[in-house]
Structures are given as structure tokens and as C-alpha cells.
Amino acid sequence: MQSPVCLIDNDVDGKLYVKESALQILQKIEQPVVVVAVVGLYRTGKSYLMNRLAGQQTGFELGSTIESKTKGIWMWCVPHPTKAGTTLVLLDTEGLGDVDKGDSKHDTKIFCLAVLLSSTLVNNSQGTIDNKAIEELQYVTELTEYIKVKSSDDEDDIEFVKFFPSFIWVVRDFTLEQKIKGKSVTEDQYLEFALKLKSGNSRPVKEFNLPRECIRNYFPSRKCFTFPFPTTSEKVSRLESLDSADLSSEFLEVTDRFCKFIFDKSEIKKLKDGYIVTGRVLCQLVKTYVDTISSGQVPFLENAVLTVSVIENEAAVKEGLQVYQSGMEKLKDSFPLELRDVQWYLFSTECSNGTIKINCYHNLFVFQELT
């Protein structure tokens with residue numbers, strides 16, 4: 001892909017739907033995918049980070065006004081820079097908290113889709129990780145209202161962790177000294193300090209702890225990066241057009257560390273029991289989740305996995321039939337043949353994706369799944 005495309009859009013009534021042109025792109029990707037999604041308040045520079053991950057100066061649109069530029073969820077698929085045979089799928093989400101939307105549930109749906117589709121979730125905020133910043137991440141407390149692991153009620157946070165991505169908190173325009181009680185701390189220690197729970201059972205304490213407990217329980221794998229101001233205030237609005245010489249060396253250093261961490265540590269998207277997600281499987285997940293959420297229903301993760309499995313198995317059988325028919329077409333001019341010659345050919349025939357092998361037992365042809 002030379003540039004991003006819209007993956008999930010809003011119709012005139014605000015209902016989410018999937019763009020068919022984007023699904024066609026995913027459908028053709030047979031490689032495993034690493035899916036990185038960014039969320040956060042609008043006008044906080046999310047798109048800049050995604051462009052850098054794509055190795056480009058421009059791509060995802062950066063706005064220079066108070067209006068939110070990104071609507072829905074946009075996608076950019078690029079070859080993974082460090083993992084051969086893998087595609088990096090970047091998802092830039094609509095800015096949360098845009099006053100023009102007027103529907104707080106819309107933001108929650110966008111956040112939930114980012115969680116469901118990604119293997120790494122980047123939360124982008126500005127200033128500090130204070131109580132206000134954590135309260136602005138209120139969507140994490142509503143995840144269990146919009147996502148269920150299974151239809152029964154006997155599920156806990158451990159079940160969610162099997163499906164949820166790793167979590168990175170990016171703090172932009174950070175100016176404070178990174179110290180706690182006079183001692184210097186790392187970025188990760190700063191994050192854990194901000195997520196520390198208070199003791200007590202009063203209502204204010206429970207309200208303080210709730211979003212922190214959700215982040216700690218749903219995202220046990222956490223990382224933090226604190227970015228200083230990139231440049232002078234009058235140049236910030238032109239960030240995508242600035243040369244490296246116009247950006248602070250500290251900002252560039254953190255940006256490089258952030259990209260390297262994503263490239264080295266972000267894992268391939270997997271479903272329960274380690275099932276590897278390819279672009280084609282991701283395509284099915286996008287359709288399943290968006291259709292379910294848009295219809296007002298709650299997606300059950302195990303049901304979604306089952307649906308994908310059925311679709312993939314049907315596609316594999318269809319591909320196996322095509323391989324068999326193609327092979328027999330090549331052999332038909334050579335008939336009559338000894339049965340052992342036909343058997344040898346069919347035993348050695350395998351689909352290109354390695355998931356189906358055609359076996360022949362005398363006159364019975366069996367499509368055997370290798371997964």
C-alpha cells in the first residue's frame with residue numbers, strides 16, 4: 001500500500017460499517033500480521049507516530065486546526081521492517097472526545113474495535129499521566145459492557161487477557177522531571193506509579209481505583225514512552241513537513257526508541273490457543289466485530305473465533321479442490337495410468353499456504369487439514 005485507506009467508516013446516521021475496498025486488501029494478505037492501533041484524544045498527534053512506524057513522513061493525515069481529521073479507523077499495511085514474511089498493519093483511529101460527534105458511545109465502540117483488532121494498543125495523551133488523563137481513558141472501564149468472552153457469565157479478567165493486546169502509553173509534550181520522592185525513575189516506573197491503587201473502600205477511592213484496576217488487569221503487558229516537545233510552538237502545526245534538523249534531538253531519540261520497541265517487541269496477532277492471524281483472517285474478524293457492534297449486540301470473542309474458523313476451513317477445502325482439479329487436468333492426457341502413479345501425485349500435492357494436503361486412498365480422496 002502506497003498510502004492509508006479507510007477501513008471502518010461512519011454512515012450519515014453515525015453507524016459504523018466496513019469499507020469493502022479495504023477488506024479486499026486484507027483478503028489478499030496470506031502472511032501473519034502484527035496489528036498496531038493508536039487511540040487517544042483528538043488533536044494529540046497520533047497520526048505522526050503511525051507515519052513514522054510506516055517509515056514515511058506523510059500518509060495518515062495530520063491536522064493543523066482544532067478539528068479532528070481522522071474519522072472512523074484508517075489502515076496502512078506495510079512490510080514489517082524486522083520480521084521477514086510478516087505484514088505490519090497500522091490502524092489510526094478517530095480522535096476520542098471530539099465535540100462534533102455528540103455520541104459518547106461512538107467513542108467507546110471505536111476504542112473497543114481498536115482493542116479487539118490489535119496486537120499492540122498505543123494510547124496517546126498529552127502532558128502527564130495524572131488523574132484527569134486516566135479518567136479520559138474511561139473507555140477501558142466500559143470494555144466488559146461491549147465485549148464478552150463467551151455467552152455465559154462465568155468469566156473474569158484472566159479470560160479477557162487471552163484476547164487483549166499489549167499496551168503502550170505514549171505521553172506527548174512531557175515537561176516534568178521524571179522523579180518520585182526525589183529519585184529518578186524510568187518511564188515504566190512512572191506509569192506504574194500513576195496506576196498505583198489507593199487503599200480503602202469509600203466511594204471516592206473506588207472511583208479513583210476503577211480505571212486503574214481495569215488497565216492493570218486487562219493489560220498486564222505495559223510500556224511507557226514520554227516525548228518532549230518536538231519543536232517550537234509556531235512549527236508544531238507543520239510537523240509532517242519539518243526536516244529532522246527542525247526537530248529536537250530528544251524528541252527524535254524517543255521516537256526512534258518507540259519505533260524500535262514496536263518493531264522488536266510487538267507480537268503477531270493471535271487468537272485463543274495461539275491461532276496465528278493472517279490478513280485474510282483479520283479481514284473476517286473486522287467484518288464480524290463491526291457487524292455485531294453496529295447491530296447493537298455484544299461480540300462474544302469465542303463465537304467470533306469459531307466463525308472465522310468455519311470460514312477459513314471452507315476456504316481451505318475450496319482451495320484444495322482447485323489444486324486437485326488442476327492436477328487432474330494435467331494428468332488426464334496421460335491416462336491410462338497405474339493407480340500408484342495417481343496416488344504419488346496426489347500425496348505430493350499441497351496447497352500454497354500449507355494448510356491442506358490432498359490424500360488418496362484407492363478411489364477415496366480426502367482433504368486433510370494440517371492446522
Derivation of the side chain to side chain contact (heavy atoms under 4.5 Å, CB included) call for R257 and E187: CA-CA 12 Å; R257 279 198 296 113; E187 294 162 312; 3.1 Å; yes
Derivation and outcome, side chain to side chain contact (heavy atoms under 4.5 Å, CB included), residues I147 and L116: CA-CA 9 Å; I147 302 172; L116 289 171; 3.8 Å; yes
Residue pair V35, L282: steps toward the side chain to side chain contact (heavy atoms under 4.5 Å, CB included) verdict: CA-CA 9 Å; V35 187; L282 183 62; 4.0 Å; yes
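Scanning all heavy atoms of the two residues, the minimum distance from T86 to P32 falls at CG2-O, 3.4 Å. Of all the heavy atoms in T186 and Q189, the pair that sits closest is N-OE1, 2.8 Å. Between G40 and K46 the shortest heavy-atom distance is N-CD, 3.6 Å. The shortest non-hydrogen separation linking G72 to N10 is N-ND2, 4.0 Å. In terms of heavy atoms, W76 sits closest to P4 at CE3-CG, 3.5 Å.
Scanning for side chain to side chain donor-acceptor pair (under 3.5 Å) contacts around S118 gives an empty result, with sequence neighbours left out. Under the side chain to side chain contact (heavy atoms under 4.5 Å, CB included) criterion, D256 pairs with R52, not counting sequence neighbours. By the side chain to side chain contact (heavy atoms under 4.5 Å, CB included) test, E20 is found to be paired with L23, Q24, residues two or more places apart in sequence or in another chain being considered. Checked against salt bridge (charged side-chain N to carboxylate O under 4.0 Å, His left out), E136 has the following partners two or more places apart in sequence or in another chain: K132. With sequence neighbours excluded, no residue satisfies side chain to side chain contact (heavy atoms under 4.5 Å, CB included) with K181.
Under a 3.5 Å cut-off, the side chain of S266 and the backbone N or O of F263 do not form any donor-acceptor pair. Judged purely by atom type and a 3.5 angstrom limit, S119 has no side-chain atom pairing as donor or acceptor with the backbone of I268. Distance alone, capped at 3.5 Å, is enough to place a donor-acceptor pair between the R212 side chain and the A194 backbone. The closest donor-acceptor contact from the side chain of S294 to the backbone of L16 lies under 3.5 Å. In this structure a side-chain-to-backbone donor-acceptor pair under 3.5 Å is present from Q178 to V185. With T87 contributing its side chain and Q31 its backbone, the two residues share no donor-acceptor pair below 3.5 Å. Side chain of T108 to backbone of Y139: no donor-acceptor contact under 3.5 angstrom is found. For D188 (side chain) and C224 (main-chain N/O), a donor-acceptor pair under 3.5 Å exists by modelled atom type.
Both F164 and L271 belong to a single network of hydrophobic side chains, linked directly or stepwise wherever heavy atoms of I, L, V, M, F, W or Y lie under 4.5 Å apart. L285 and Y17 fall into different hydrophobic clusters, where Ile, Leu, Val, Met, Phe, Trp and Tyr residues are linked whenever their side-chain heavy atoms come under 4.5 Å apart, directly or through other members.
Applying the 6.0 Å contact sphere to CG of D11 captures more than 12 heavy atoms from other residues, nucleotides or ligands. Around CZ of F193, the count of heavy atoms belonging to other residues, nucleotides or ligands within 6.0 Å does not exceed 12. By the neighbour-count criterion of 12 heavy atoms within 6.0 Å, atom CD of E145 is densely surrounded, having more than that number from other residues, nucleotides or ligands.
Using a 4.5 Å cut-off on side-chain heavy atoms (C-beta onward), V36 and I168 make no contact.
Y218 does not carry R216 over the face of its six-membered ring by the limits of under 6.0 Å from the centre and within 45° of the normal. A cation-pi contact, defined as under 6.0 Å to the ring centre and within 45° of the axis, links K223 to F261. Relative to the ring axis of Y289, K287 does not place its NZ or CZ within 45° and under 6.0 Å from the centre.
For an aromatic pair to be called close, the ring centres must be under 6.0 Å apart, and F60 with W74 fails this. Note: F251 and Y48 meet the aromatic proximity criterion, with ring centroids under 6.0 Å apart.
For the pairing with Y190, the ring pair (Phe, Tyr, Trp, His ring centres under 6.0 Å) check across W169, F174, F225 returns one residue only, F174.
The list of salt bridge (Lys or Arg N to Asp or Glu O under 4.0 Å) pairs with a residue in residues 191-200, not counting sequence neighbours, reads E192-R222.
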